[in-house]
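Numbers restart at 1 for each chain; the letters A, B, ... are given by sequence-line order, proteins then strands.
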Amino acid sequence: MLRFQKLSFKRGELFLSNVLQCGQAFRWIFHEKLGQYSSTLKIDGEFKILVLKQDQDDHIEYATVGNVEERALREFLHRYFRLEVDMSTLYREQWLPRDSRFEQKRPNGVRILGQDAWETLVSYICSSNNNISRITKMCHALCTEFGNSVGHYDGVDYFSFPTSHEIVARASEDALRTLGFGYRAKYIVATAHKMEKDRLNMSDSEYLESWKDHLQYEQVREKIMSFNGVGPKVADCVCLSGLRMDDVVPVDVHIARIAQRDYKFSARKQDIEELQREYKSLPITHKKVNYELDLIRSMFKQRWGDFAGWAQGIVFAQEVGKTTGANSDGTTYKRKLELDLVVKLEKDDVPFKRHYSEVETVAVSDGIKVEVTHEDVLTEETEYSVTGRPKRKATKNVGYEF
DNA sequence: AAACTTCCTAGCAG
DNA sequence: ACTGCTAGGAAGT
C-alpha cells in the first residue's frame with residue numbers, strides 16, 4: 001500500500017485533471033478505479049514512479065513506489081508544478097488589467113509544468129502535425145522500448161524516458177518507424193545524435209539548461225531550433241515548459257486562430273519588414289520562422305507580460321477544452337470534461353454545489369458549458385469555483401466538439 | 001523571401 | 001471498401 005502525503009497550496013491554484021493530460025505532459029497514466037495519476041519522473045537524478053491524486057482544490061496527495069527522501073520529493077513537486085507561481089495574483093494584477101478578455105476567463109488550476117528539458121524536447125518533436133492521442137502513444141513507446149525498467153505498479157510496468165545516449169545506442173529510424181513515429185523517426189534519431197555529440201560531460205537536460213544562464217531568449221531558441229525537427233513552435237514549448245521561461249508564448253494553430261478571431265490581429269507589412277531586419281543576423285531562425293506567427297508571439301508577450309506563457313496556457317486550455325490521456329490498461333482515450341461548480345448567485349443566496357458535465361450543457365460561462373435553469377441565473381456577480389476530475393467515460397473521438 | 005508540397009498515421013465523415 | 005480530411009509543424013523546393 002502506498003503512503004500518501006499532502007501537498008497544500010492556495011485554493012484553486014492546481015487541478016491535476018486540467019494539467020496532466022491536456023497536451024503538455026504526455027506520460028501520465030490515469031487509473032480509472034483508483035482515481036490516480038502515475039508516471040515516472042527523474043527525481044534527484046533518478047527515475048521514480050510517482051503517484052498523484054486530488055479530491056480537494058487546495059492540495060494534492062502524492063506517493064512514490066519505492067523510497068524517495070521526503071524533502072527531495074517535496075522540492076521536486078514544488079518545482080514540477082511551479083508552486084512558487086501564484087496564478088490568482090497574476091490573474092488579478094497582470095492579466096485582468098492588461099486584457100479585458102480575461103474577465104471571461106479563470107485560471108481553473110491550469111498551470112505550466114516545469115518539466116525535464118530533454119524529455120520536453122523529444123516529446124514536442126513528436127507533436128508536430130500530430131494529435132495528442134498519438135503523441136501520448138509515441139512517448140510511452142519511447143520509454144518502453146528504449147528506456148530502463150523502473151518498476152511496477154497497479155498492473156503497469158514503468159520505464160524511464162531514454163537519454164540521448166540510450167536512443168543512439170538502442171533505437172534506429174527503422175525501429176521508430178515501425179513503432180509509428182512516421183517521418184518524425186529521423187528527427188528523433190538526428191536530435192539524439194546531435195545531443196550526444198554536443199553535450200560533452202553534461203547530461204542532456206543540463207546541457208539544454210546551461211544555455212539559459214548566459215543567453216537571451218532569442219539565442220536560446222536559436223540553439224534549440226538547431227536540432228532537426230525543431231521549429232519555432234517546438235522550441236518555444238521547450239523554452240516555456242522545459243526551461244521555465246515563463247514569458248514565452250508558443251504559437252500553434254489554435255493560438256494563431258485566437259489572435260485573429262478574438263484579438264483582431266493582422267500582421268502589418270511594416271512590422272514584418274522590421275522583424276526580417278532583426279532576424280537577418282541570426283543564421284537559423286530566419287529560415288524556419290514564420291513572421292506572422294512570430295508577431296503574434298510578441299504581441300501576446302507584450303500584452304500579457306512576464307508570465308505570458310502561463311496566460312497562453314489558460315487561453316489554450318479554454319479553446320481546446322478537452323483532455324486526452326493514457327489509461328492503466330494501455331488504451332488512450334479522449335476524456336470529457338466534468339466538474340462541480342460552486343455557484344453563488346445573488347449576494348444573499350447561499351452558495352450551492354452542483355455537478356455539471358459537458359454533455360448536459362447549454363450555456364457558456366468561462367469557456368465551460370453549464371446548464372442553467374430558471375432558478376439559477378448566472379450573472380456577472382456569480383462566483384464560482386471548479387473542482388472535480390475529468391469524467392472517466394471515454395469517447396473514441398479525436399477532435400474538438402465545441 | 002514567400003508560397004507552395006511533402007512527410008507518417010489513425011480516426012472519422014461522407 | 002474507398003476517398004478525403006484533419007490533427008499543438010517542420011523541411012524541402
Side-chain angles (χ1 to χ4, degrees), chain A residues 21-26 110 112-113 115 120-139 141 173-191 221-222 224-242 248-259 267 269 271-280 282 284-297 300 309 312-326 331-334 394-402:
Chain A
Q21 294 191 320
C22 64
Q24 203 182 149
F26 300 100
V110 174
I112 301 298
L113 295 170
Q115 305 193 77
T120 307
L121 175 63
V122 176
S123 301
Y124 279 93
I125 288 174
C126 297
S127 79
S128 84
N129 195 19
N130 206 350
N131 58 65
I132 298 175
S133 173
R134 184 149 78 115
I135 302 164
T136 299
K137 285 173 192 160
M138 288 159 71
C139 290
E173 182 178 342
D174 269 2
L176 287 164
R177 278 185 179 270
T178 307
L179 289 168
F181 282 70
Y183 61 84
R184 304 160 196 86
K186 65 172 183 294
Y187 299 157
I188 302 286
V189 171
T191 292
R221 188 168 81 150
E222 187 80 3
I224 300 173
M225 277 169 59
S226 68
F227 289 101
N228 203 326
V230 180
K233 191 268 177 181
V234 170
D236 282 342
C237 287
V238 175
C239 285
L240 176 60
S241 189
V248 175
V249 178
V251 179
D252 55 40
V253 291
H254 299 291
I255 297 298
R257 182 175 62 243
I258 289 166
K269 204 172 175 183
D271 293 336
I272 290 180
E273 286 165 359
E274 189 181 331
L275 195 58
Q276 286 172 345
R277 280 195 293 279
E278 229 171 277
Y279 277 119
K280 209 80 173 181
L282 298 171
I284 300 164
T285 310
H286 76 276
K287 291 181 189 161
K288 294 191 180 186
V289 77
N290 173 316
Y291 295 100
E292 185 157 353
L293 296 183
D294 209 57
L295 285 171
I296 291 173
R297 182 184 59 74
F300 279 134
Q312 174 271 350
I314 291 165
V315 170
F316 180 87
Q318 178 169 320
E319 178 77 6
V320 178
K322 288 275 178 58
T323 62
T324 308
T331 56
T332 308
Y333 290 117
K334 180 167 279 285
T395 71
K396 288 196 292 180
N397 292 343
V398 176
Y400 310 121
E401 292 164 26
F402 284 115

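With sequence neighbours excluded, the residues forming a salt bridge (charged side-chain N to carboxylate O under 4.0 Å, His left out) with A/D294 are A/R221, A/R297, listed by chain and number. Contacts of A/Q115 classified as side chain to side chain donor-acceptor pair (under 3.5 Å), with partners at least two apart in sequence or in another chain: A/S241. With sequence neighbours excluded, the residues satisfying ring-ring contact (aromatic ring centres under 6.0 Å, His included) with A/F300 are A/Y263, A/W304. Applying the side-chain contact (heavy atoms from CB on, under 4.5 Å) test to A/C239 and every residue at least two apart in sequence or in another chain returns A/Y217, A/V220, A/I224, A/M245, A/V248. Not counting sequence neighbours, A/K287 has no partner by the side-chain contact (heavy atoms from CB on, under 4.5 Å) test. Listed by chain and number, the residues in a salt bridge (charged side-chain N to carboxylate O under 4.0 Å, His left out) with A/E278 amount to none (sequence neighbours excluded). Not a single side chain to side chain donor-acceptor pair (under 3.5 Å) links A/E273 to another residue, sequence neighbours left out. Among residues two or more places apart in sequence or in another chain, the side-chain contact (heavy atoms from CB on, under 4.5 Å) test is passed with A/T178 by none. Remark: A/A256 engages A/V251, A/L293, A/I296 in a side-chain contact (heavy atoms from CB on, under 4.5 Å) (not counting sequence neighbours).
To the nearest 0.5 Å, the span separating CD1 on A/I112 from CG on A/L240 amounts to 4.5 Å. Atom CD1 of A/I255 is separated from atom NZ of A/K233 by 9.5 Å, given to the nearest 0.5 angstrom.
With both ends at atom P, the span from C/dC2 to B/dC8 equals 23 Å, rounded to whole Å. Separating the P atom of C/dC5 from that of B/dT5 is a span of 13 Å, rounded to the nearest Å.
Between the CD atom of A/E319 and the P atom of C/dA7 there is a distance of 12 Å, rounded to whole Å. Regarding A/F181, its CZ atom lies at a distance of 15 Å from the C1' atom of B/dA10, rounded to whole Å. Rounded to whole angstrom, the span from the CD1 atom of A/I132 across to the P atom of C/dT6 amounts to 18 Å. Across the protein-nucleic acid pair, A/K287 atom NZ and B/dC4 atom C1' stand 19 Å apart, rounded to whole Å. Rounded to an integer number of Å, the gap from A/M138 CE to C/dA7 P is 17 Å.
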Pairs under 3.5 Å (N/O, protein and nucleotides 9-11 of chain C):
from, atom 1, to, atom 2, distance (Å)
C/dG9, O5', A/N129, N, 3.2
C/dG9, O4', A/N129, N, 3.2
C/dG9, O6, A/N129, ND2, 3.4
C/dG9, N1, A/N129, ND2, 3.4
C/dG9, N2, A/Y183, OH, 2.5
C/dA10, OP1, A/G231, N, 2.9
C/dA10, OP1, A/G231, O, 3.3
C/dA10, OP1, A/V234, N, 3.0
C/dA10, O5', A/G231, N, 3.4
C/dA11, OP1, A/G229, N, 2.9
C/dA11, OP1, A/K288, NZ, 3.1
C/dA11, OP2, A/K288, NZ, 3.2

With 3.5 Å as the limit, what N/O pairs link the protein to nucleotides 1-3 of chain B?
from, atom 1, to, atom 2, distance (Å)
B/dA1, OP1, A/K280, NZ, 3.3
B/dA1, O3', A/Q276, NE2, 3.2
B/dA2, OP1, A/Q276, NE2, 2.8
B/dA2, OP2, A/Q276, NE2, 2.8

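Secondary-structure stems of DNA chain C, taken as three or more successive Watson-Crick or G-U wobble pairs (i with j, i+1 with j-1) under a 3.5 Å distance threshold, comprise B:3-7 with C:9-13, B:9-14 with C:2-7.
Judged by distance alone with a 3.5 Å cut-off, no donor-acceptor contact links the side chain of A/R177 to the base of B/dC8.
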